[in-house]
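Proteins come first, then strands; the chains are lettered A, B, ... in the order of their sequence lines, and each starts at number 1. Every heavy atom of this structure was used, including side-chain atoms; hydrogens, water molecules and symmetry mates were not.
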There are 2 protein chains.
Amino acid sequence: MKEIDFSGCPIMSSLSGERIKNLFEKIEFKINTYKKGDIVARQGSPCKYLNILLAGSVKTEMVAENGSVMTIENIAAVRPLASAFLFAENNIFPVDVIATDFCRIISIPRDEVLKMFQKDAGFLESYIKYNSNKTQFLSTRLQTLNIKTIKGKLAFYILEGLNKNLVLNPGTNKFRMDRNQTELAKYFGVSRPALARCISEMEGENIILIEHKEVKVINRAALQNLLG
Amino acid sequence: MKEIDFSGCPIMSSLSGERIKNLFEKIEFKINTYKKGDIVARQGSPCKYLNILLAGSVKTEMVAENGSVMTIENIAAVRPLASAFLFAENNIFPVDVIATDFCRIISIPRDEVLKMFQKDAGFLESYIKYNSNKTQFLSTRLQTLNIKTIKGKLAFYILEGLNKNLVLNPGTNKFRMDRNQTELAKYFGVSRPALARCISEMEGENIILIEHKEVKVINRAALQNLLG
DNA sequence: ATTAATCTGTCATAATTGTTACACAAATAT
DNA sequence: ATATTTGTGTAACAATTATGACAGATTAAT
């Protein structure tokens with residue numbers, strides 16, 4: 001086990017090396033390597049192992065029967081692959097997983113993972129935490145996308161950012177965005193000029209004031225109204 | 001324990017009564033009742049317990065400081081409340097939870113839940129499965145919403161429905177929707193007439209044929225093109 | 001079988017957003 | 001300091017979608 005480096009892996013990083021060693025004792029697993037272009041997993045095939053990308057990078061693609069392809073995600077080590085699918089009702093890979101580099105991937109059978117959960121509550125907690133965080137993240141993204149107007153999305157984003165900042169700076173009406181306008185437009189899935197227009201309109205209506213990445217909320221009630 | 005009925009609860013229903021009884025042995029928990037209008041949990045308060053709604057119903061709301069309110073969800077027994085937040089990094093309730101009826105809610109401390117995981121791998125598996133299913137569900141919803149055009153959403157929806165049906169009826173190019181046009185429009189978050197127009201255009205282009213809830217795919221490649 | 005309710009197809013108009021383009025500001029590199 | 005890149009504000013026009021409205025088709029209820 002000493003040759004496996006899980007540092008940076010969201011479901012392992014909280015565990016010490018010693019603990020990881022114990023965790024894998026008597027656990028069956030295999031490590032495969034893939035070269036660039038190899039297919040790691042096929043869309044539609046059952047997901048029976050916890051696969052963790054130890055080194056290299058992969059991309060995930062959806063492939064249709066007529067051959068048309070859509071890239072979904074690029075993933076770099078160290079991260080689990082499709083961890084939400086291992087235990088789901090419908091445990092098949094929703095995508096093709098293709099190596100975009102030389103890769104090492106560890107595969108731990110489902111039942112062995114359950115044993116590992118029983119053995120080390122910390123590992124179990126990390127795994128659940130990882131999935132919980134993901135669920136939370138997706139919920140928030142979904143809320144954002146579910147708002148139809150750009151002004152609404154922006155209002156939601158600003159109120160959210162303000163709330164996060166409130167924990168550190170109680171009573172403030174300012175916060176700093178971690179995205180520029182172009183990135184924000186992509187995040188919302190809208191065009192950049194349309195976002196700029198909305199910002200300038202909302203500034204004109206004295207609701208907010210944005211300078212660089214600094215957002216100042218002037219009329220909070222108006223922001224709230226844009227949500228519903 | 002005999003008075004607690006978990007039937008229909010997604011994280012308990014796979015377990016027999018005997019097994020549930022064992023599971024709760026030596027486990028600390030409390031059961032509270034709430035009458036209509038009572039606040040079960042406050043937005044922003046830490047989520048330290050696994051709360052399962054045993055009887056009654058609740059609604060979840062986001063409340064702003066100026067008092068404006070937005071209802072997020074209505075939940076009826078038997079279901080866990082905010083199960084994704086118990087183990088997440090940021091374990092605070094994102095919403096107010098308010099009883100809309102007489103309610104009984106069991107609260108099991110976080111650490112006790114971990115003990116229960118260690119005790120019964122089946123319970124652990126159900127819990128993880130529940131969260132996994134949720135992640136999967138949200139991912140799919142996110143993909144749908146991420147497609148900008150109505151035709152694209154429809155194409156995605158149809159291809160997905162076809163794929164699900166393929167497992168039962170290999171080689172088919174038909175499937176039956178479980179929503180009518182009005183419901184589908186709501187699901188997509190678009191207006192009903194706009195959806196109807198897209199359907200009729202796609203029928204005119206000989207891509208699909210929809211009769212009642214029966215969908216027939218004529219030109220699958222064209223559907224694929226609408227995704228990207 | 002008839003009525004009532006719901007669902008569907010369609011239209012004109014308004015509102016919102018995307019596209020493309022350009023000038024200028026800000027940040028970064030040389 | 002200057003050049004280069006990247007980000008921002010703005011505009012005209014095109015495309016898409018929402019809104020509201022209506023008639024006909026389908027389904028459910030009596």
Side-chain angles (χ1 to χ4, degrees), chain A residues 141-158 161 174-218 222-223 225-228, chain B residues 141-158 161 174-218 222-223 225-228:
Chain A
R141 288 298 277 117
L142 206 54
Q143 277 185 69
T144 308
L145 278 176
N146 208 18
I147 299 172
K148 287 106 8 223
T149 66
I150 298 181
K151 285 187 184 181
K153 287 173 205 283
L154 189 57
F156 182 82
Y157 184 80
I158 291 175
K174 289 192 265 189
F175 82 104
R176 191 177 175 72
M177 295 192 290
D178 48 3
R179 280 175 243 265
N180 65 32
Q181 222 180 74
T182 308
E183 290 166 341
L184 195 56
K186 263 188 200 144
Y187 180 73
F188 288 162
V190 303
S191 73
R192 208 260 320 151
L195 175 59
R197 181 175 29 201
C198 287
I199 288 175
S200 110
E201 282 176 18
M202 284 164 77
E203 285 179 338
E205 294 161 11
N206 258 311
I207 299 175
I208 53 171
L209 195 65
I210 297 184
E211 280 180 353
H212 314 285
K213 291 183 177 176
E214 209 69 40
V215 181
K216 187 175 172 185
V217 176
I218 298 168
L223 277 187
N225 286 336
L226 289 172
L227 294 182
Chain B
R141 285 303 272 117
L142 207 55
Q143 276 185 70
T144 308
L145 278 175
N146 209 16
I147 298 173
K148 286 105 11 218
T149 65
I150 297 180
K151 285 187 184 180
K153 287 174 205 281
L154 189 56
F156 183 82
Y157 183 80
I158 292 175
K174 290 193 263 187
F175 81 104
R176 193 177 173 73
M177 295 193 290
D178 46 4
R179 282 175 242 265
N180 64 32
Q181 220 179 76
T182 307
E183 290 166 340
L184 196 57
K186 263 189 199 146
Y187 181 73
F188 289 161
V190 304
S191 74
R192 209 258 322 149
L195 175 59
R197 185 193 323 148
C198 287
I199 289 176
S200 106
E201 281 176 17
M202 284 165 75
E203 285 180 337
E205 293 161 15
N206 256 312
I207 299 175
I208 53 172
L209 195 65
I210 298 185
E211 278 180 354
H212 315 287
K213 290 184 177 176
E214 208 69 40
V215 181
K216 186 176 174 187
V217 176
I218 299 167
L223 277 186
N225 287 336
L226 289 172
L227 295 181

Residues from residues 197-205 of chain A lying under 4.0 Å of DNA chain C - heavy atoms: A:Arg197
Within residues 181-188 of chain B, residues whose heavy atoms come under 4.0 Å of DNA chain C: B:Gln181, B:Thr182
Atom of A:Tyr157, atom of A:Phe175 and distance for their closest heavy-atom approach: O-CZ, 4.3 Å
For the student: nearest non-hydrogen atoms of B:Leu184 and B:Leu195, plus distance: CB-CD2, 3.9 Å
Which distance, rounded to the nearest 0.5 Å, do you find between the [atom1] of [X] and the [atom2] of [Y]?
{"X": "B:Asn225", "Y": "B:Lys151", "atom1": "CG", "atom2": "NZ", "result": "12.5 Å"}
{"X": "B:Ile158", "Y": "B:Ile208", "atom1": "CD1", "atom2": "CD1", "result": "4.0 Å"}
{"X": "B:Glu211", "Y": "B:Glu203", "atom1": "CD", "atom2": "CD", "result": "8.0 Å"}
{"X": "B:Ile150", "Y": "B:Met202", "atom1": "CD1", "atom2": "CE", "result": "11.0 Å"}
{"X": "A:Leu154", "Y": "A:Thr149", "atom1": "CG", "atom2": "OG1", "result": "9.5 Å"}
{"X": "A:Met177", "Y": "A:His212", "atom1": "CE", "atom2": "NE2", "result": "11.0 Å"}

Audit row: B:Ile210, B:Gln181, side chain to side chain contact (heavy atoms under 4.5 Å, CB included) steps and yes/no: CA-CA 11 Å; B:Ile210 298 185; B:Gln181 220 179 76; over 6 Å; no
Donor-acceptor pair, side chain of A:Glu183 and main chain of A:Asn180, under 3.5 angstrom: yes
Atom-pair distance (CZ on B:Arg192; P on C:dT8), nearest Å: 8 Å
Whole-Å distance separating the CD1 atom of A:Ile150 from the C1' atom of C:dG18: 9 Å
5' to 3' contact window, DNA chain D with chain B (heavy-atom distance under 4.0 Å): D:dT17 to D:dT27
Touch class at under 4.0 angstrom, heavy-atom based, for B:Ala194 against every strand present: sugar-phosphate
